[in-house]
Amino acid sequence: MSDQRYWLLKSEPTAYSFTDLMAEPNQTAEWDGVRNYQARNFLRDEISKGDWVLFYHSNTNPPAVIGTAVVVRSGYPDNTAWDPNSDHPDPKSTPENPIWFMVDIKGKGALDYPVTLAQIKADPRLKDISLSRRPRISVHPITRMEWDIILEMGKEM
DNA sequence: GCCAACGTTGGC
DNA sequence: GCCAACGTTGGC
């Protein structure tokens, strides 16, 4: 709790959108289905309750940060991995030896305006953002400065 | 829908 | 443990 951290989580809106999150009871949902080891390590080891989250829509036009959320439960085993009826079953992961982890997040609010990937890439202050440097990971740490800049951009036309 | 980037798998 | 083949992500 003492070390406030900031993250960017990607989701394909056709699979799960920010609107879906805000429609959940208490605007809270499990962030499950991550099946990438680097992202898993962040979820298991680093994301903590109370951390802030930028919710990013990927594989859509345009890709953009669309809202904010807060982590309400730190990393714990992703039980959808051993549910054969889930969208992302992985029989190698078991309750005794879980491979995959998830967190719970609570949606806070949409930005006034989405901040597009093009805007992020065009801003020299954001040239080092993990989103640009490490494509295809669904969990990115961001800095407080990057958080502030993107939220500010989300209030402007 | 194309395809670049990169992670994962599996033969050897 | 190397690395080619294959699969996936995700911008465009």
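Any value given below was found using the heavy atoms of this structure, including those in side chains, with hydrogens, waters and symmetry copies removed. Predicted, not measured: the structure shown is a model, and the values here were computed from it. Chain A is the first sequence line, chain B the second, and so forth, proteins listed ahead of strands; every chain is numbered from 1.
- Between A/Trp31 and A/Phe55, the ring centre distance stays below 6.0 Å.
- When all heavy atoms are compared, the tightest approach of A/Ser93 to A/Ile99 is OG-N, 2.8 Å.
- With A/Arg35 contributing its side chain and A/His88 its backbone, the two residues share a donor-acceptor pair below 3.5 Å.
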Heavy atoms under 4.0 Å is the rule here; annotate nucleotides 5-12 of chain C 5' to 3' with B where the base is hit, S where only the sugar-phosphate is, and - elsewhere. ---BBBBS

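- Applying the ring-ring contact (aromatic ring centres under 6.0 Å, His included) criterion to A/Tyr37, with sequence neighbours excluded, gives A/Trp100.
- Remark: A/Ser58 engages A/Lys10, A/Glu12, A/Tyr56 in a side-chain contact (heavy atoms from CB on, under 4.5 Å) (not counting sequence neighbours).
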